[in-house]
Student: 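Here it is, the structure in full.
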Amino acid sequence: MAASIIILMLFSFVDLILGTVTSYPSEIISYFINIENLQPENLTIIHEFKIPKLLTAIFAGAALSVAGLLMQTVFRNPLAGPYVLGISSGAGLGVALLLLGSTLLPFTTNITNSWSIVAAAWGGSALVLLIIFLASIKVKDVVTILIIGVLVGSAISAFISLLQYVGDANKLKSFVIWTMGSLSDVTNETLKILIPVVLLGLIISFLMVRVLDTLLLGNDYAKSLGVNLVVTRILLFLSTSLLAGTITAFCGPIGFVGIIVPHFARMLFKTSSHAILIPASAILGAIMIVISDIISILPGGGAVLPINSVTAVLGIPILLKIIIQKKGI
Amino acid sequence: MKKNTNILEIINAEVGYLSKKKKNILVNIDNVKALNGEVISLIGVNGAGKSSILKSIIGVNKFLKGNVLIKNKFPKEYSKKNLAKIISIVSTESITLPNMTVENLIIIGRYPHKKAFEQTNKKDIEIVNNVLKLVGLKGFAQLKINEISDGERQRVMIARALAQDTDIILLDEPASFLDIENKYLTYGILRKLATEKGKTIIFSTHDLSIAIKFSDKLWLINNKLIIEGTPEDIIYNKVFDNIFDKQNLVFDNSVLDFKLKQTFTRKVNIINKTNKRNLFPLTLNALNRNGFEYSNTEKEFIIELEEIKEEFIIKVIYKSIIYEYNNFNKLISGLNRLFTTQTT
């Protein structure tokens, strides 16, 4: 675990050096040790752009990976991820309604700053989660809930396609860019919301490590051990929405990290105990997104690859390996 | 441990399931009791409702009518966690997660004894090692759950229930998929837990001979009712004789198991002159299979078992002619020859 933290710090350091504007390693060290030595313009670049992006990467990685771990345990399915409950499509619906839906209105609106996108994405994923919550109180079988999540997601995607079809071309481009995911729209101001909410989600998950372990044996065993399944499910869905919903709202949907990282954590630490898997997934997830970010800025010359493409290229081969080897959770 | 303390009782209950709001009753339970330290087997044919009864007792399913009393209280009078400190279950579900160790799995059984976010401590590890010792798997703690054999995994599941530290352990078909050695090992462990640790063990099985050998009491499901009793009393009262009548099965008191109802073509007397008592049932088995019925009054057809200078001799005396064989294979082919030539 200590080793993974050191690896995370190393990659973070590299990430701070690279970027559309490259910094010298000495400048990064000065930022942390002796801030007066920095040139004001370098300070601005590091403090206003690089640090928020790095923190976003770290918290996004941790949040998505832990959310993915929770969902894999709840659904006892190695291919479940943070988005199985339809959180990303819910967020997409909110953003699509905001950016594209105005065409459907008789009057024009101009509320497309970054805060309103965040609010729309949150609202959208909260709406989907509410549906899943209500279903999970009525429906006992987790697989049925999984199917409900997938179906709700598909219905929403269809509706989004409709919005895209009627939407204004410029706004359509903003929406498509949102779906590609981005770490750099987050500022120090928005981090003041993102970090506490993600921390809250992580704390709720960490308080539930023992309950999560019982869920590995299935619902009947969990019930026989005295677990309140309805309360557990609601708490787990709540922390998933805090984790994945928030990151999706701020950065757009970032794929694959949440599915793959929990498998890494299990393989590396050779355990099924959530007391270890939750911190391990958080750190490994942070490493994965920081690496993805480094790769995305590698082309240099001001070009930045969409983060979602990088995580997909990194993630799909590993996911294929998991499927072919039929690894469980 | 005090025996004869009433630890679990089901009075006037119905077990089954609801489909389209219609009751489908599988079993009507008039009154059954489990005492402290007792091993009880719940027997019945497939689909009779054995699993349903166990699931209703543990609270995964609901009783259609009535309820169970655990230590003279209804389950809902306990908190969920306190109930889980009294009663545990080993289900038929096989757990094979690739990264779960034996220790990971057993510690899950500690759930009701710990606060939700309490760390695993030395005491838990000690409990894991103790329960592994009880099921004969010392040193297995760090092995992966999917790298051990089925029999070992089943004993790990029992160890998990032991780590839960409950007075009552329910087991659903605990050995149905195991080979004979692991089957006997598993039931031997259950028996020992009852006598040495005072645990009340209730297991479901369709294996009657296992039930008769290992349990103090049977809960026998027959015609949607439960008959309760000591195995020997149930056999003495010829309860089994009336159960499988339609299926042409008959309970054989000499081997304490069912056998196919058979029509015999001939009667034979068997006289064992050796001092090895097991030779009699062995011979009877070979003869029964080939259509001969034992009768101790038969005079014309006698089989004598002898040992002369440590050599085994089977002597067939048929209509005063003596045939001798030195093993059962030769005996059977000899008898076949004798009676086919007679009929043709």
Side-chain angles (χ1 to χ4, degrees), chain A residues 69 72-73 75-78 140-141 202-232 235-236 239 262-281 321-322 325-329, chain B residues 51 54-55 57-61 75 78-121 124 142-147 157 160-161 163-164 166 168-170 172:
Chain A
L69 174 67
Q72 288 178 359
T73 298
F75 294 111
R76 298 174 83 201
N77 187 324
K140 291 230 169 80
D141 182 28
L202 290 176
I203 289 167
I204 296 175
S205 326
F206 203 73
L207 291 181
M208 298 187 74
V209 286
R210 283 195 175 270
V211 186
L212 285 163
D213 284 348
T214 67
L215 293 181
L216 291 177
L217 301 185
N219 284 344
D220 287 1
Y221 266 122
K223 206 169 177 185
S224 81
L225 282 156
V227 172
N228 186 330
L229 289 176
V230 173
V231 171
T232 299
L235 280 174
L236 287 174
S239 59
H263 291 286
F264 278 154
R266 289 187 201 98
M267 283 185 247
L268 221 61
F269 292 89
K270 296 191 188 344
T271 183
S272 67
S273 159
H274 288 83
I276 293 166
L277 290 180
I278 286 181
S281 298
K321 189 169 176 270
I322 293 165
Q325 291 185 340
K326 289 209 175 74
K327 285 252 179 198
I329 54 168
Chain B
S51 293
L54 294 179
K55 282 184 177 176
I57 294 174
I58 197 87
V60 167
N61 290 1
Y78 296 98
S79 73
K80 284 182 197 292
K81 274 195 170 184
N82 281 339
L83 185 64
K85 289 177 191 170
I86 302 174
I87 184 162
S88 60
I89 190 163
V90 176
S91 80
T92 45
E93 194 171 353
S94 138
I95 308 288
T96 52
L97 302 174
N99 294 293
M100 183 182 263
T101 64
V102 168
E103 182 178 287
N104 284 158
L105 193 147
I106 294 175
I107 281 192
I108 296 173
R110 297 302 298 157
Y111 177 80
H113 297 274
K114 299 189 74 92
K115 295 206 177 68
F117 40 87
E118 202 183 326
Q119 291 271 314
T120 297
N121 55 26
D124 298 312
Q142 297 310 322
L143 296 183
K144 292 275 171 61
I145 196 77
N146 65 344
E147 287 167 356
M157 294 312 287
R160 187 212 61 83
Q164 201 175 329
T166 57
I168 308 163
I169 302 177
L170 310 179
D172 197 357

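Below, chains carry the letters A, B, ... as their sequence lines are ordered, and counting in each starts from 1.
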Student: Which heavy-atom pair separates B:Ala84 from A:Ser224 by the least distance, and what is that distance?
Tutor: CB-O, 3.5 Å
Student: Could you list the residues that satisfy side chain to side chain contact (heavy atoms under 4.5 Å, CB included) with A:Pro279, not counting sequence neighbours?
Tutor: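 In terms of side chain to side chain contact (heavy atoms under 4.5 Å, CB included), with neighbours along the sequence ignored, A:Pro279 is linked to A:Met1, A:Phe206.
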Student: Roughly how far, to the nearest 0.5 Å, is NZ of B:Lys115 from CG of A:Leu207?
Tutor: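 Here the rounded value is 13.0 Å.
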Student: I'd like to know which of A:Gly218, A:Ser273, A:Ser272 tops the heavy-atom pair count under 4.5 Å against chain B.
Tutor: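 Of the options given, most contacts go to A:Ser272.
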Student: Does any backbone or side-chain atom of B:Lys114 lie under 4.5 Å from a heavy atom of chain A? Answer side chain, backbone, both or neither.
Tutor: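 It is the side chain, since no backbone atom gets that close.
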Student: Would the distance check show the side chain of A:Tyr221 and the main-chain N or O of B:Ser91 forming a donor-acceptor pair, the cut-off being under 3.5 Å?
Tutor: yes
Student: Evaluate side chain to side chain contact (heavy atoms under 4.5 Å, CB included) for A:Leu225 paired with B:Arg160, printing each intermediate quantity in order.
Tutor: CA-CA 11 Å; A:Leu225 282 156; B:Arg160 187 212 61 83; 3.5 Å; yes
Student: Would you mind telling me which of B:Val90, B:Leu105, B:Asn82 has the largest number of heavy-atom pairs within less than 4.5 Å of chain A?
Tutor: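 Counting heavy-atom pairs under 4.5 Å, the top option is B:Val90.
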Student: Under 4.5 Å from any heavy atom of chain B, what part of A:Lys270 do you find: side chain, backbone, both or neither?
Tutor: both
Student: Determine, stepwise, if the pair B:Ile107 / A:Arg210 fulfils side chain to side chain contact (heavy atoms under 4.5 Å, CB included).
Tutor: CA-CA 9 Å; B:Ile107 281 192; A:Arg210 283 195 175 270; 4.0 Å; yes
Student: Who pairs with B:Ser51 by side chain to side chain donor-acceptor pair (under 3.5 Å), at least two apart in sequence or on another chain?
Tutor: B:Asp172
Student: Measure distances from B:Ile58 to the heavy atoms of chain A and classify the residue's part below 4.5 Å as side chain, backbone, both or neither.
Tutor: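 Only the side chain of B:Ile58 comes within 4.5 Å of chain A.
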Student: Which region of A:Asn219, side chain (C-beta onward) or backbone (N, CA, C, O), has a non-hydrogen atom less than 4.5 Å from a non-hydrogen atom of chain B, or is it both or neither?
Tutor: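 Neither part.
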Student: Under 4.5 Å from any heavy atom of chain A, what part of B:Ile95 do you find: side chain, backbone, both or neither?
Tutor: side chain
Student: Please classify the contact between B:Ile87 and chain A as side chain, backbone, both or neither, with a heavy-atom cut-off of under 4.5 Å.
Tutor: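 It is the backbone, since no side chain atom gets that close.
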Student: Report the option among B:Lys80, B:Lys55, B:Lys81 that has the most heavy-atom pairs separated by less than 4.5 Å from atoms of chain A.
Tutor: B:Lys80
Student: How long is the span from the CG atom in B:Asn104 to the CD1 atom in A:Ile276, to the nearest 0.5 Å?
Tutor: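 If I round to the nearest 0.5 Å, the distance is 7.5 Å.
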Student: For each of A:Thr214, A:Val211, A:Leu217, A:Leu216, tally heavy-atom pairs with chain B at distances under 4.5 Å, and name the one with the top tally.
Tutor: A:Leu217
Student: With a 4.5 angstrom heavy-atom cut-off, is it the side chain or the backbone of B:Thr120 that approaches chain A, or both, or neither?
Tutor: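 Answer is both: backbone and side chain atoms of B:Thr120 are under 4.5 Å from chain A.
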